[in-house]
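Here the structure is laid out as structure tokens; the discussion comes afterwards.
Heads up: numbering here begins at 1 and tracks the sequence. All figures in this text were calculated on a predicted structure; none of them were measured in a lab.
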Amino acid sequence: RFLATACEKLPELKKSVEARVTETSDKGVEDARAALKKAFDKGVTLPLSWRRSQLNAFMRMMREGKDELLTGLKKDLNRSHAEGYFLETNLIEHSIQNALDHLEEWTSETCVSTNLVNIPGSSSIKPDPLGCVLVIGCWNYPVQLSLVPLVGAITAGNAALLKLPSDMVPHSSGVIKKLCEKYLDQSAIKVVEGGVRINQALIKERWDKVFYTGSELVGKIIYQAAAEHLTPVCLEMGGKCPVIVGKSSNLEVATKRIAWGKWMNAGQTCVAPDHIFVDNSIADTFVEKLATTVKEFYGPDAKKSEFFCRMVNERHTKRVSEMLVEHKGKIITGGTVDLKERYIEPTILFFGSDWKTFTESKAMRQEIFGPVLPVVAYRDVNKVRDYIAEGEKPLSLYVFSNDHHEKELFLRKTSSGAFLVNEIATHLSNEELPFGGVGHSGISSYHGKFSFDCFSHQKAVLRRPDATVFDVFARYPPYTKLKINLLGTVQTVWPASRVRAIKLFLALAFVYFALRNRKRVAGLLHWLIDTFIDF
């Protein structure tokens with residue numbers, strides 16, 4: 001609906017959408033969904049042998065298809081092969097290897113303690129695959145953001161349909177589709193390309209989980225469509241990621257890390273610094289160093305640098321360039337725009353201490369998602385904290401400081417998907433950390449074990465013997481005074497240390513009982529082992 005309204009107001013947008021939309025029928029999507037369900041119901045994806053074979057094939061695909069993938073990224077976004085490898089394909093290789101290393105561990109039942117009411121018995125949690133899942137990739141990192149979730153879906157034992165952003169990055173999407181169809185099991189893993197129409201057809205279907213990476217606007221549409229079927233979602237969106245630079249920070253390091261995180265992929269990164277708050281006492285020095293760093297990274301003319309990317313299309317180039325028109329006088333460096341080349345020079349907007357102009361600027365009314373970086377100076381760090389806390393929760397929050405109290409202020413009194421001290425974006429490379437937003441920046445998380453959990457259901461399992469001797473009479477009505485007293489004793493709320501002592505006593509009592517009644521030894525030992533594992 002939003003797109004239709006926008007198209008009516010903007011004839012150029014309507015023409016562009018009509019040209020990009022891939023014709024597809026609801027019937028084609030229904031058939032794909034039905035084929036995946038058939039494969040899942042037959043148990044194709046359940047065996048660990050299948051999952052391991054697919055992950056190994058996935059790894060071969062990434063290594064043997066690396067050059068094709070990097071070439072596609074170069075054509076779509078002008079991304080250098082070095083950045084394409086380290087920011088996309090290499091991260092996927094790490095994700096696959098991590099899944100292979102921990103496949104048995106992640107898929108095995110986890111024993112947990114059993115409460116007194118269920119003794120004798122054993123309790124565990126068994127991860128189950130959800131079923132048929134939909135993964136909708138994103139154009140800014142089309143390889144990584146499409147395939148890392150797919151690794152999690154396969155590891156968890158799901159049948160999956162991957163939707164690629166071919167309307168925005170056709171070369172990368174085409175390569176991914178070709179490689180997936182060559183290396184992966186097409187009965188349980190399907191890949192489709194397309195634009196608006198295929199998205200509409202896909203979200204009408206009933207999936208067991210929808211994983212979406214993209215804008216907040218489309219995320220809301222996905223969420224609403226999923227709610228029709230009570231389908232769980234993982235929404236990886238974004239928002240305005242703030243950076244705070246305190247006076248105790250190492251500006252030499254801070255400026256390099258901020259410039260790297262901001263201008264890689266021409267600022268089209270969900271965790272890129274969106275705007276900066278810098279202590280007033282170091283503001284001028286910081287801005288000067290940051291501008292110098294940009295020249296060191298990309299040379300005097302970033303347009304000629306092989307390491308500076310392009311905007312994804314003319315529409316996004318125009319959107320971001322309008323932010324520069326509003327505040328030409330604030331430009332410290334950059335500002336050059338070439339609409340046809342989809343190029344915007346790395347640009348710094350410095351507002352000094354003018355908070356009013358800064359907060360009301362066009363750049364601060366939306367996620368920038370481009371190579372424009374607004375900077376404002378502050379005198380009171382609590383004012384910065386209040387401003388961030390009052391806005392939508394960001395995907396990442398960055399603090400450059402060596403002041404303990406300053407770091408703790410933002411850690412404890414703000415909410416964000418991630419919190420980094422003296423670093424930008426590199427938490428993405430740690431498979432032990434969850435990646436995801438909170439509030440408007442996202443729902444749920446993934447990476448590493450979190451990807452497996454994202455596509456799994458944690459099933460509660462309780463096993464108890466059915467021997468009459470263990471069937472406590474007090475649980476059944478009618479409830480006499482004796483039964484009520486017995487149940488009250490068992491259900492009394494005790495500290496964990498006392499519960500452990502009671503369970504140990506019961507275990508020892510049953511050992512004694514087992515020794516006195518040898519015929520029951522085998523069954524009791526089985527229970528005893530379960531009990532001690534829980535204990």
Side-chain angles (χ1 to χ4, degrees), residues 83 86-87 239-267 269-299 302 307-308 330-334 345-353 355 358 363-364 368 370-385 387-388 394-414 416-430 433:
E83 286 193 336
F86 291 113
L87 298 179
K240 298 181 70 63
C241 299
V243 182
I244 298 91
V245 181
K247 61 184 177 182
S248 63
S249 63
N250 180 342
L251 292 187
E252 190 70 28
V253 173
T255 51
K256 287 180 179 179
R257 292 180 179 178
I258 291 170
W260 172 79
K262 173 60 183 180
W263 284 293
M264 65 178 177
N265 201 32
T269 306
C270 58
V271 291
D274 184 89
H275 51 282
I276 296 178
F277 302 95
V278 57
D279 188 282
N280 188 67
S281 63
I282 60 169
D284 292 334
T285 304
F286 169 79
V287 170
E288 182 181 340
K289 280 184 175 291
L290 187 61
T292 301
T293 302
V294 173
K295 300 299 182 184
E296 291 174 357
F297 283 6
Y298 305 109
F307 303 111
F308 190 73
K330 305 295 183 183
I331 297 176
I332 298 298
T333 186
E345 186 180 4
T347 303
I348 300 172
L349 300 176
F350 185 44
F351 290 82
S353 299
W355 271 66
F358 169 76
M364 292 302 293
I368 296 171
V372 176
L373 183 58
V375 181
V376 69
Y378 69 85
R379 289 185 171 83
D380 181 3
V381 72
N382 289 293
K383 182 178 180 181
V384 177
R385 202 284 313 179
Y387 179 83
I388 294 172
L395 184 57
S396 296
L397 191 153
Y398 307 111
V399 175
F400 284 84
S401 175
N402 289 301
D403 184 317
H404 174 74
H405 297 292
E406 198 167 59
K407 291 182 286 188
E408 289 296 303
L409 171 68
F410 289 98
L411 176 61
R412 300 186 182 282
K413 294 191 176 182
T414 62
S416 56
F419 179 83
L420 278 68
V421 176
N422 297 325
E423 191 50 275
I424 298 288
T426 54
H427 62 297
L428 286 163
S429 65
N430 187 351
L433 288 175

Just how far is it from atom CG of Asn430 to atom NE2 of His427, taken to the nearest 0.5 Å? 10.0 Å

Between atom CZ of Phe86 and atom CE of Met264, what is the distance when rounded to the nearest 0.5 Å? 14.0 Å

Hey, are Ser401 and Asp403 close enough side-chain-wise for a donor-acceptor pair under 3.5 Å? no

Ile244 and side-chain contact (heavy atoms from CB on, under 4.5 Å): which partner among Leu409, Ile388, Val278? Ile388

What are the two closest non-hydrogen atoms of Ala272 and Gly267, and how far apart are they? CB-O, 4.2 Å

Of the non-hydrogen atoms in Pro374 and Val372, which two are nearest, and what is the gap between them? CD-O, 3.7 Å

Might you point out which heavy atoms bring Ser249 and Asn402 nearest each other, and give the distance in Å? CA-ND2, 4.0 Å

To the nearest 0.5 Å, atom NZ of Lys262 lies from atom SG of Cys241 at 9.5 Å

Using side-chain heavy atoms (C-beta onward) and a distance below 4.5 Å, is Ile276 in contact with Val245? yes

Output the distance between atom CD1 (Ile348) and atom CG (Leu290), rounded to the nearest 0.5 Å. 3.5 Å

Taking C-beta and beyond as the side chain, do Phe410 and Val384 meet within less than 4.5 Å on heavy atoms? yes

Tell me, do Phe350 and Phe286 make a side-chain contact under 4.5 Å, heavy atoms counted? no

Between Trp263 and Phe307, is the gap from one ring center to the other below 6.0 Å? no

Side chain proximity check, Phe277 to Val381, heavy atoms < 4.5 angstrom: no

Are side-chain heavy atoms of His275 and Val376 found at a separation under 4.5 Å? no

Please report the shortest heavy-atom distance between Ser353 and Arg379, naming the atom on each side. OG-NH1, 3.5 Å

Less than 4.5 Å apart, side chain to side chain, heavy atoms only: is that true for Leu349 and Ile331? yes

So do the side chains of Arg257 and Phe400 get within less than 4.5 Å of each other, counting heavy atoms only? yes

Out of curiosity, Lys256 NZ to Leu251 CG, how far, rounded to the nearest 0.5 Å? 12.5 Å

Using ring centroids (six-membered ring only for Trp), state whether Tyr378 and Tyr387 fall under 6.0 Å. no

Is any NZ, NE, NH1 or NH2 atom of the basic residue among Arg385 and Glu408 found under 4.0 Å from an Asp or Glu carboxylate oxygen of the other? no

For Gly246 versus Ile282, what's the shortest heavy-atom pair and its separation? O-CD1, 3.3 Å

Counting only heavy atoms not in Lys295, do more than 12 sit closer than 6.0 Å to its NZ atom? yes

Crowding at CD, Glu288 (>12 non-hydrogen neighbours, <6.0 Å): no

Can you tell me how far CH2 of Trp260 sits from OG1 of Thr255, rounded to the nearest 0.5 angstrom? 14.5 Å

Tell me, do Leu428 and Val271 make a side-chain contact under 4.5 Å, heavy atoms counted? yes

Inspect the contact between Lys240 and Asp274 and indicate whether a charged nitrogen and a carboxylate oxygen are less than 4.0 angstrom apart. yes

Please give me the minimum heavy-atom distance between Phe308 and Ala302, naming the atom from each residue. CB-O, 3.6 Å

